[in-house]
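Basis for what follows: all heavy atoms, side chains included, without hydrogens, waters or symmetry-related copies. What you are looking at is a predicted structure, and each value in this text was computed from that prediction instead of being measured.
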Amino acid sequence: MLLPQLWWQFIKIGLAAFGGLGVTLSLVERYLVTDRHVLTTEDVTESLTYTKLLPGSTGVQVVGYLGYRLRGWPGAALATSAFLLPAFLLMLVLSMLYE
């Protein structure tokens, strides 16, 4: 999977994953395992196992780990930033409206 394709897949996941870890994992499973066939179910389970013990948001860590599995460090940075971008933009707009 090329980096622009990876970016687009994680943007789509970030746009819809406002329900927490369960929604994030089901979207990753749907987009990357079922539709694109670039990961396996075991990869997603393994990512959850590795990141559950770390401090911070498990969903973001799972996305970063899976990006790393797909394209190395550039993939991890790109997947994490693409996953967080929709929430960041939403909070930015809401804070500007509030101000």
Exercise for the section: May I ask you to list the residues sharing a hydrophobic cluster with L54, side-chain cutoff 4.5 Å, ordered by chain and number? Expected result: none

Handout entry: Contact summary for V38 and L70, nearest pair of heavy atoms
Key = O-CD2, 3.7 Å

Exercise for the section: Using the test side-chain contact (heavy atoms from CB on, under 4.5 Å), find all partners of T45 that sit at least two apart in sequence or belong to another chain. Expected result: T41, T49

Problem - ILVMFWY cluster membership beyond Y98 - transitive side-chain contacts under 4.5 angstrom - result: none

Only pairs under 3.5 Å count here: list side-chain donor-acceptor contacts from residues 2-12, not counting sequence neighbours, and write none if there are none.
unit_1	atom_1	unit_2	atom_2	d
Q5	OE1	L2	N	3.1

Problem - salt bridge (Lys or Arg N to Asp or Glu O under 4.0 Å) contacts in which one or both residues fall within residues 52-68, not counting sequence neighbours - result: none

Handout entry: Inter-residue atom distance E29.CD - T24.OG1, 0.5 Å rounding
Key = 12.5 Å

Practice task
Any salt bridge (Lys or Arg N to Asp or Glu O under 4.0 Å) involving residues 87-99? Give me the pairs, sequence neighbours left out, ordered by first then second residue.
Solution key: none

Exercise for the section: Provide the closest heavy-atom pair for A79 versus G67 in the form atom of the first, atom of the second, distance. Expected result: CB-CA, 3.9 Å

Problem - Inter- and intrachain pairs under ring-ring contact (aromatic ring centres under 6.0 Å, His included), touching residues 32-71, at least two apart - result: Y50-Y65, Y68-W73

Exercise for the section: Spell out, yes or no, whether L90 and M96 are grouped together once hydrophobic residues are joined by side-chain heavy atoms under 4.5 Å, including indirect joins. Expected result: no

Handout entry: Between CG on residue L27 and OG1 on residue T34, distance to nearest 0.5 Å
Key = 11.0 Å

Problem - side-chain hydrogen bond (donor to acceptor under 3.5 Å, both in side chains) involving E42 - partner list, sequence neighbours excluded - result: T40

Per-pair distances, 0.1 Å, donor-acceptor, side chain in residues 13-21, under 3.5 Å, sequence neighbours excluded:
none

Problem - Residue pairs, two or more places apart or on separate chains, that pass salt bridge (Lys or Arg N to Asp or Glu O under 4.0 Å) and touch residues 56-84 - result: D43-R69, E46-R69

Fill in the blank from the handout: Sorted by chain and number, sequence neighbours left out, side-chain contact (heavy atoms from CB on, under 4.5 Å) with R30 holds for D35

Practice task
Mark yes or no for whether S81, through its side chain, and L78, through its backbone, hold a donor-acceptor pair below 3.5 Å.
Solution key: yes

Practice task
With sequence neighbours left out, write down each residue that passes side-chain contact (heavy atoms from CB on, under 4.5 Å) with L97, or none if nothing qualifies.
Solution key: V93

